[in-house]
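Structure first, then comments.
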Amino acid sequence: MSSHASHADDHGDHHHDPPFWKKYVFTTDHKVIGIQYGIVSLLFLAVGFFLMMVMRWSIAYPDRPIPFLSSMPWFDSWLDNEARVGGDLYNMLGAMHGTIMIFLGVVPLAFGAFGNYVTPLQIGAPDMAFPRVNMASFWSFFIGGVMMLASFFMPSGAAKAGWTNYSPIATITDTHFLNLLWTGGTQWLLAMVFLITSSLLGAVNFITTIINLRCKGMSWMRMPFFVWAMLVTGFLLLLAFPPLEVAAIMQLLDRTTGTSFFIPTGLNVNGMPMDAAGGGSPLLYQHLFWFLGHPEVYVLILPAIAIVAEIIPNNTRRPLWGHHTMVYSAMVLGFFSFIVWAHHMYMTGMGAGVTTFFQTVTVLISVPSVILITSLMISLWGGSIRFNTPMLFATAFLPMFGIGGLTGLPLAFSELDLHLHDTYYVIGHFHYVVAPGSLFALFAGVYYWYPKHTGRYMNETLGHLHFWPSLICMNGIFAPMFLQGMAGFHRRAVDGGAAYEQLSHTPALQWLGLDMSMIDLNIVTSASAWIMAIAQVPFVINFFWSARMGKKVTSDNPWQATTLEWATPTPPPHGNFLTEPVACRDPYEYSVPGADTDFTPQWQPDPSGTPEPEESPVHH
Amino acid sequence: MSHGHEDHSSHIKEYWWVFAALMFFTGLTVAVWGWFDFGRPGFSAGDCVVGLLIACVKASLVGLIFMHLREERGLIYKILVFTFYFFAALMFLCLFALSDPIRPVFGLNL
Amino acid sequence: MEIPYEVTPRRDTGLFNSKIGIWLFLASEVMLFGGLFSAYVFLRVGIHEGIDNPWPERVQEPLLGAVNTVVLIASSVFVVLAWVGLKMRQWRTFQIYMSLVIGCALTFLVIKTREYQTKMVEHHGINLKDGSVIECEILSDNAKDPIEKRRAGWPAGFAGLFGHANGDSTLKVRFLAESVTLSLDSASLLFMDYAEKGELWPAATVGDRKIDGKSQWEDWFFSAKRDILAKLSEARSLRRDYVQREVLGKSRKLDEVLLDKDLPAVNVETKVTIKFDKPLKFNVPGSSRTASHTESSLSFVDGTQLAGALAEGGDMIEVLVHGMDLQRLPISQQMSAKAWSLIVDEHQREAAKKVYKEEQDKVVAEIRKHYPEGKFPSVEEERHQLGSRRVNVLHIHLHDHADGEKHGESQEHAEPKKETGGEEKDPHAVSGGHSNNEFILARIPRSEVLYASNHGPWYNTYYAIYFTMTGLHGLHVLGGALVLGYMLVFGKKLYLKNPEHLANRVEVGGLFWHFVDLVWIFLFPIMYLM
């Protein structure tokens, strides 16, 4: 493999380098697009994190002026006269934190960045099936992102109606502004149309690539789990996003032209009957939103599980336990994810029949999730584990995601959900899934595939400095939320729930040996969040420093992995492979008895068997 | 894909027949609309069922013949089966939710 | 390595890349329109009888829809024949059929535009607070003779789309302002925008300064705004510094600090009143989304206030009546609906009522058939057991003959066809006995109005979903026509190089085109017939 590197220059028809803007900006190369996605989405993650830190100040210290930011131009105009975070600003930060983290941070990083970079390499394809569509997908995403950011600087500020943007509140916020086009709510909807378009283009491209561009011998079940996860994720995006696009269009019409899709009859705004025909249904918006919203959860988590599923076998030096079972579980998960959405809507007063149906399927969907996580756990069993940085993050993912998943079970039951739904419990639950869950897996992915592109490892010491504080802080942030939530803390209070001040010295805390009141936990959470920001500094340094100064890899397969992306030169050239790759075996053949090394790469010919030709499509 | 030229020219006739059938069904829809209306002011379930059934027949014709689904590969069918499943979920679960709200509905006596 | 299977199919899947791609794309399109169909059903089934607007049934002219169906189906055949032409390597055949496809697409769009135009421009509906609806055309403000007020400006809903209406429809509130009070710190300033749009830069006095004309107005406005914002900002930062010093520096509680005597206050007067030398006329959309008014004041939603008086009849909406839609009222109350009393001419009013009564009697007779002798449903039963839609669908269309509006063109028949038919033959239409009867003028005080607009998407949820679905479908037609047109015009080069590649592209484009046709096959019955 390393010998291939020297041939990189005389391969293919790309003798002359394209100009910079074509190579790095308007590129059609899936790897560069993947990196573009990665960098942009990491930046958005930082923005989303910043918004959250501001919110946490207001929650922890509702009656103190905010430090540092009160003299920051533009930002100061949003603070109240005592330099505190006011309700409007808080709503704006909350809505945009959710939107940015989900639609501009985690999904593009997981699907856009890792999916783009790794998928074609793992199936031995020269590029995505439609490279120009791929480029359009990225730029559509980029425009959507810029619109979201730009809306902060409009007179109205950014959207304020929560990341779910429920009607009718989203329809009527900021409508006293002269030109509705340039208000945050409208921009949010328009930006979503761009983001959705981007996802759709991406999904079409991914699925086609996986179906049609697999290399010779890469039968369906020889595809690594990561590719399978991308396939399922692709289908989720492809089929779940259009209804949200429709909802966005309808809300846009409601907002700017005065239609009544989501405006019920007799709605009063500011004490006056709203000038609308009425007859619409706010519930319709919620249905359309959560029809996307729930599959979106699996879009956030499946790629994360898949990254972990690549890293764990590599570092335990054992095959992935239950590869096929995991593939089937992912498919079942995909199917079920489309019929559980209304468990987000128990509070709307659906009838008993509907509620029962959705409770049942919601509980059922935990089965494939548990299979996935259990397979990963069992994969650890009996391995001699290499605890490098990617593996640290990958192992931490398991219990963190486990906590997130298990705390979700009570929410599946409507009686419990009615109590917990609008409390911090729910915040804690889904953040355990996506923050220490997905994000840790994504960090693991960055550390794991970094050498493939740069030819250098990321620094281990800085990696540890990043990992341990992050792990502690994540739990410091989200664990207290469960306690507060069960005590009834409402999740949208700008002052962090001053009304709950009397809930001091509750049994739960005394049981933990703490002499503090529930509301003091706000400070624990906020402080953890701010420390966590500092904990990301080593990562940022590592990310840039290692590109130049990191330890060099000695081969194209530095982790001694088995999947096809490590058969390419480092970094992979345009067109990826020097010779046409052939997949000769299953993806996770570690420690095969009788083999020379403890890993047998997929591209290593099988001396005993004949390499299988192209296979007929697998039966689902 | 792999058909010879004769194969295609023989299809042409078929396409025109399908066109004629589609025209017929369009006419039938309008006719049925007029007929069902007779003596029955307003919307009725019959209208709905018949109208949509005819539309489904027309849609199948377009899909099978014009879009070559008749001779398409299994993979496309798989994609369409997925899609149909999700489409059905979207249509029927929403309706299900709507038909089962907690009683009483507000303001029935208004 | 090059990307494989761009033209030739892969052996095991049997498909080339773009074919998989387009089918996946169509799958997502199914979900896109699926969301809309689901919304259609949800909105329609979810209507609360007697509370929401009734779902208008069969208000479309089915002929136009049927013609469009034929046009689209024909284009579908043409596109597949164009593809066959390419497969048989007959460039000429391809050209002919593809041109026909584009022609069909344009025909479809033209018909569609005409349908939209009729609804948006020629038909208005005014929902009164008692539940009656006047179908009409709203007149403009400035014509002297009401009969000459033929064309209203495009009303409020549409105005929202493009900023503001420039017509002076009587739907707008007409107000004579003597002074205006601007709130200079607010983020948006509707008033300045109105001034800009209407070129309203009158001579005025603000404080002791005289301003006249656009440049003086703007000079004053921007400098005043700058001053006030600077003052505000200064006051705020003084106060913030103080609070920060005390709370963060000296760890005092904010509640205490707020009681401090030397805590700087932020009380900058941001409101400025400008007196006009002469009263100034404003035409403002009557929508509460823009402004609300009383006899002597008009307040924009951004806080700007006009003081003065309503112009004479300034909140009176003048309309030419097309018909009455009283289906939300019980039959027993229909003849005394508020809407009748708003018709200006007494003879016309009586004639219209007479026509209506005749139709009503027919329906009553129809209802009686369903009930045992002598029993007639009570108001409650009428509405909830029979369903108001089934019984009270009396909507008399009073024809506006001089308008040249042919019946076939008219889009707006809320009544079932049978009644329309009866009415069409009815020689005693309101125009029957009077000489000056082509135009039935009604004057409607705004205080009686619940909601008024043209039959655009804002009129009710039916029109909303109708415009959205057909509009989105129309965009698909346009997009498809552009793509296929591109292949027609620029395809020759590829054809000479690799005809199979072009055939593949046309096949893929054709698949999209058939899908668009397929959507219309469902749209036609549910939008036009049901």
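Below, chain A is the first sequence line, B the second, and so on; all start at residue 1.
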Open item on the list: Taking side chain as everything from C-beta outward and backbone as N, CA, C, O, which of these in A:Phe358 sits under 4.5 Å from a heavy atom of chain B? Side chain, backbone, both or neither.
Closed with: side chain
Open item on the list: So for atom CZ, which belongs to B:Phe84, do other residues, nucleotides or ligands contribute more than 12 heavy atoms lying within a distance under 6.0 Å?
Closed with: no
Open item on the list: Counting only heavy atoms not in A:Leu364 (residues, nucleotides, ligands), do more than 12 fall under 6.0 Å from its CG?
Closed with: yes
Task: Test side-chain contact (heavy atoms from CB on, under 4.5 Å) applied to B:Phe86 and A:Phe235, step by step - done: CA-CA 11 Å; B:Phe86 298 126; A:Phe235 268 106; 5.6 Å; no
- [ ] Please say whether more than 12 non-hydrogen atoms of neighbouring residues, nucleotides or ligands are located less than 6.0 Å from CZ in B:Phe92.
- [x] no
- [ ] Please report the shortest heavy-atom distance between B:Leu90 and A:Trp341, naming the atom on each side.
- [x] CA-CH2, 4.4 Å
- [ ] Select one option (side chain, backbone, both, neither) describing which atoms of A:Leu238 are under 4.5 Å from chain B's heavy atoms.
- [x] neither
Task: Closest non-hydrogen atom pair between A:Phe338 and B:Ala89, with its separation - done: O-CB, 4.3 Å
Task: Heavy-atom contact with chain A under 4.5 Å, split by part of B:Tyr85 - done: side chain
Open item on the list: Given heavy-atom pairs under 4.5 angstrom as the criterion, report whether the side chain, backbone, both or neither of A:Leu283 touches chain B.
Closed with: neither
Open item on the list: Can you tell me which portion of A:Ile339 sits under 4.5 Å from chain B's heavy atoms? Options are side chain, backbone, both or neither.
Closed with: both
